[in-house]
Amino acid sequence: MKTQLWLVKQEPESYAWEAFVRDGRATWDGVRNYQARNHLKAMARGDRVLFYATGDSKSVMGIAAVARAAFPDPTAEEPGWVAVELRPLEPLPHPVTLARIKADPSLRQTALVRHSRLSVMPLAEAEFARIVELGREP
DNA sequence: GCCAACGTTGGC
DNA sequence: GCCAACGTTGGC
């Protein structure tokens with residue numbers, strides 16, 4: 001199967017990119033939205049994932065990879081919710097702000113822009129590549 | 001099954 | 001702090 005590309009959101013106050021890098025691996029649990037859950041379920045080991053920080057930072061911070069595909073969310077009291085494990089791959093030298101993403105014509109269709117409340121979303125190959133490219137240039 | 005009320009997310 | 005955009009809940 002073709003590798004898929006994703007973006008996950010995280011509040012930096014609860015789990016910052018720096019903490020993720022320090023930990024070297026993280027269980028992505030606690031997702032309680034069906035659409036986001038379905039995206040988690042579709043993740044395969046090795047898929048690339050952009051890490052987006054909400055709140056004050058509102059920026060894509062770096063690239064991660066799926067280390068373990070979906071398994072039952074240990075924090076869920078009801079069955080049916082899943083978690084994945086992610087590991088950080090590399091930071092983006094210049095975190096890509098939401099403003100920059102919104103200003104880029106090739107990124108206007110991303111779920112990040114169009115569905116601002118979704119916390120786990122797929123990205124098209126060109127979208128993923130463009131964000132990474134922006135992250136490498138000031 | 002509809003829809004009003006309510007709660008949450010997250011940008012501004 | 002506000003509010004738009006949604007998702008969820010519960011009464012009917």
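Values below: all heavy atoms of this structure, side chains included; hydrogens, waters and symmetry mates excluded.
The local environment of CZ in A/Phe71 is crowded, with over 12 non-hydrogen atoms from other residues, nucleotides or ligands closer than 6.0 Å. The neighbour count for A/Arg45 CZ, taken as heavy atoms of other residues, nucleotides or ligands under 6.0 Å away, does not exceed 12.
Protein atom CD of A/Glu78 is 14 Å distant from nucleotide atom C1' of C/dT8, rounded to whole Å. B/dG10 atom C1' lies 9 Å from atom CZ of A/Arg117, rounded to whole Å. For A/Tyr34 and C/dT9, the OH to P distance is 7 Å, given to the nearest whole Å. When the C1' atom of C/dT8 is taken as reference, atom CZ of A/Arg32 falls 15 Å away, rounded to whole Å. The nearest whole Å value for the distance from the CG atom in A/Leu118 to the P atom in C/dA5 is 16 Å. When the P atom of B/dC12 is taken as reference, atom CG of A/Asp56 falls 13 Å away, rounded to whole Å. If you measure from atom CG of A/Asn38 to atom C1' of C/dG7, you get 14 Å, rounded to the nearest angstrom. Between the P atom of C/dC6 and the CG atom of A/Asn33 lies a distance of 12 Å, rounded to the nearest Å.
Which of C/dG7, B/dC12, B/dG10 sits closest to the side chain of A/Gln35 comes down to C/dG7. Taking the side chain of A/Lys9 as heavy atoms from C-beta on, and the options C/dC6, B/dC12, B/dG10, the nearest nucleotide is B/dG10.
Geometric assessment of A/Arg22 against the ring of A/Phe20 yields a negative cation-pi assignment under the 6.0 Å and 45° thresholds. Relative to the ring axis of A/Trp6, A/Arg48 does not place its NZ or CZ within 45° and under 6.0 Å from the centre.
Of the side-chain N and O atoms in A/Tyr52, one or more sit less than 4.0 angstrom from OP1 or OP2 of B/dG11.
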